[in-house]
Amino acid sequence: MGLVLCLAGVIPALVGVVLGAVSLVRRDADRRPAIVGVVCSSLALAIGATMLFVLLSKAAQCGDEARYPDDTSRRDCVEREFPFAQANRTP
């Protein structure tokens with residue numbers, strides 16, 4: 001779910017950078033909104049890329065068979081690192 005949210009924020013940020021750059025190249029009279037849009041979109045891209053990197057590195061750690069040799073220990077790592085992604089278990 002976290003990866004989906006990162007991707008959902010990265011796509012509009014890419015569009016914002018492109019549209020802001022196009023507006024800056026056209027040299028409109030009032031360039032401030034385009035500059036603010038490019039800055040905000042670039043910031044959103046940086047935050048999204050950082051979060052994507054963090055989530056994928058945690059997932060790679062939990063998938064390391066040298067550190068977590070069996071399936072149960074890997075599942076425990078995932079539940080510890082990603083508490084928001086726990087499966088609904090019925091007793």
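No hydrogens, no waters, no symmetry mates; every other heavy atom, side chains included, goes into these values. Please read these numbers as outputs of a predicted model, since none were measured by experiment.
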Report the distance from atom [atom1] of [X] to atom [atom2] of [Y], rounding to the nearest 0.5 Å.
X	Y	atom1	atom2	answer
Arg80	Asp76	CZ	CG	7.5 Å
Leu55	Thr50	CG	OG1	11.0 Å
Lys58	Cys77	NZ	SG	9.5 Å

What pairs meet the disulfide (SG to SG under 2.5 Å) rule with one or both residues in residues 24-53, with sequence neighbours excluded?
->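 Not a single pair qualifies under disulfide (SG to SG under 2.5 Å).
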
Closest approach of [X] to [Y] (non-hydrogen atoms, all atoms of both residues):
X	Y	result
Ala13	Leu45	CB-CG, 3.7 Å
Cys62	Glu81	SG-CG, 3.9 Å
Ser41	Val17	CB-CG2, 3.5 Å

Side-chain contact, heavy-atom cut-off 4.5 Å: Val10 with Leu14?
->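 Yes, side chains in contact.
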
Do the non-hydrogen side-chain atoms of Arg74 and Val78 ever get within less than 4.5 Å of each other?
->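 Sidechains of Val78 and Arg74: no contact.
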
Give a yes or no on whether the backbone of Val38 and the side-chain of Ser42 come within a donor-acceptor separation of less than 3.5 Å.
->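 Flag set: sc Ser42 to bb Val38 pair under 3.5 Å.
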
